[in-house]
Amino acid sequence: MAYDKRQNFLDYLDEKETFDAKVAEVDQAEKFDTAFGVETSAPSETWDIDEADEVDLLHNYRYSPSPAGTIREVISRFPVKYEEATFIDFGSGKGRALLVASEFPFKRIIGVEYSGHLCEIAAQNVQRYDSKSKKCSAIEVCHQDAAEFEIPDGVGVFYFYEPFSPAVAERVLENIERSISRVPRAAIVCLVGRALVPTVEGREAWVPYGPEVPSPNDHYFDARLFVVQAGGGTGG
């Protein structure tokens, strides 16, 4: 048993090293951090979160950035009027998705992140980010457990890049659906990567929107979009 655990951990480290090398290669080509004087590239492990206990370590996943090209591509596919929509990134980490989202004229942009340290880095990045393409300056970083975050009733765009376990995602989706029940509105869930696709597919409130969005960077980052059905809230 001890050998199996050790081997599983070694396999995980090998997998992580390969994945991080792939992400670093994409980042080197995009040069996002260099272009805008920010630091969003370096991964951060869950065991580096000071406030995390064993349960948190099990359910909250490490930070690794979505490629900027992927983020732009999926946001460009959203069936929304950006000027009327608020964008939330769950597990926003160092804030890269927030920064790229600000290139679109969203009404408001919110990042929700469990790690206080990552929130500090994200806030610094928001301050430093200077892009001629920037169209939204109303960016907020919230240091909070995503499962306990109260969804503002005006929010209609929800972005997830494999930030936490399906169990946490279920609670977040329940909160979203309750908010939509209180204030009925159009809403879209964006999933980068495949980890949470079965979780959303298993909930009656959501239906797929369009085909899978291919990533311009790597197939791992292909995205799925879901929109809320009419009457898709859960009430309560």
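All figures in this text were calculated on a predicted structure; none of them were measured in a lab.
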Distance-minimising heavy-atom pair for [X] and [Y]:
X      : Y      : result
Gly93  : Tyr63  : CA-CD1, 3.6 Å
Ile109 : Leu98  : CG2-CD2, 3.7 Å
Ile180 : Ala187 : CD1-CB, 3.6 Å
Asn175 : Ala146 : ND2-O, 4.3 Å
Gly37  : Arg128 : O-CD, 3.5 Å
Pro65  : Phe221 : O-CE2, 4.4 Å

Would you mind writing out the side-chain donor-acceptor pairs for residues 188-201 within the sub-3.5 Å range, not counting sequence neighbours?
residue, atom, partner, partner atom, Å
Arg194, NH1, Glu212, OE2, 3.2
Arg194, NH2, Glu212, OE2, 3.4

- Asp153: partners by side chain to side chain donor-acceptor pair (under 3.5 Å), with sequence neighbours left out: Ser179, Arg182
- Message: Could you work out, with side chain to side chain donor-acceptor pair (under 3.5 Å) as the rule, every residue matching Asn125, not counting sequence neighbours?
- Response: none
- Query: With sequence neighbours excluded, what pairs up with Val213 under the side chain to side chain contact (heavy atoms under 4.5 Å, CB included) test?
  - Reply: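 Applying side chain to side chain contact (heavy atoms under 4.5 Å, CB included) to Val213 gives Glu73, Val74, Arg77, Ala223, Leu225.
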- Message: Can you list everything that forms a side chain to side chain contact (heavy atoms under 4.5 Å, CB included) with Ala147? Sequence neighbours excluded, please.
- Response: Asp145, Val168, Arg171
Calculate, to the nearest 0.5 Å, the distance between atoms [atom1] and [atom2] belonging to [X] and [Y] respectively.
X      : Y      : atom1 : atom2 : result
Glu162 : Ser66  : CD    : OG    : 9.0 Å
Trp206 : Phe158 : CH2   : CZ    : 6.0 Å
Ile139 : Leu99  : CD1   : CG    : 6.0 Å

Would you list the atom pairs, donor with acceptor, under 3.5 Å between side chains in residues 81-90 and any protein atom, with sequence neighbours excluded?
residue, atom, partner, partner atom, Å
Tyr82, OH, Ile75, O, 2.7

- Neighbour count above 12 (heavy atom, 6.0 Å) for Lys134 NZ: yes
Heavy-atom donor-acceptor pair, [X] side chain to [Y] backbone, under 3.5 Å:
X      : Y      : answer
Ser92  : Gly95  : no
His143 : Cys119 : no
Glu30  : Pro67  : no
Gln144 : Glu148 : yes
Glu113 : Ser115 : yes
Arg185 : Val183 : yes

- Item | Worked verdict on Arg72 versus Glu103 for salt bridge (charged side-chain N to carboxylate O under 4.0 Å, His left out) | CA-CA 8 Å; Arg72 291 189 185 99; Glu103 298 175 4; 2.7 Å; yes
- Query: What orientation do Phe106 and Phe104 show, parallel under 30°, tilted 30 to 60°, or perpendicular over 60°?
  - Reply: tilted
- Is the closest side-chain donor-acceptor distance between Ser215 and Asp222 under 3.5 Å?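 No, no side-chain donor-acceptor pair sits under 3.5 Å.
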- Query: Is there a donor in the side chain of Tyr161 and an acceptor in the side chain of Ser64, or the other way round, less than 3.5 Å apart?
  - Reply: no
- Item | Note, Lys135 side chain near Ser102 side chain (heavy atom, < 4.5 Å) | no
- Can you tell if the side chain of Phe149 reaches within under 4.5 Å of the side chain of Val172, non-hydrogen atoms only? no
- Query: So which pairs with a foot in residues 32-43 pass salt bridge (Lys or Arg N to Asp or Glu O under 4.0 Å), sequence neighbours left out?
  - Reply: Asp33-Arg96, Glu39-Lys94
- Taking only residues two or more places apart in sequence, or in another chain, which ones meet Phe36 in a ring-ring contact (aromatic ring centres under 6.0 Å, His included)? Phe32, Tyr129
- Do any pairs count as a ring-ring contact (aromatic ring centres under 6.0 Å, His included) and have a residue in residues 185-205, sequence neighbours left out, and if so which ones? none
- Message: Restricting to salt bridge (charged side-chain N to carboxylate O under 4.0 Å, His left out), what partner residues turn up for Arg108, sequence neighbours left out?
- Response: Glu140
- Task: Under the salt bridge (charged side-chain N to carboxylate O under 4.0 Å, His left out) rule, collect the residues that match up with Glu120, sequence neighbours excluded.
- Result: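 Here no residue qualifies.
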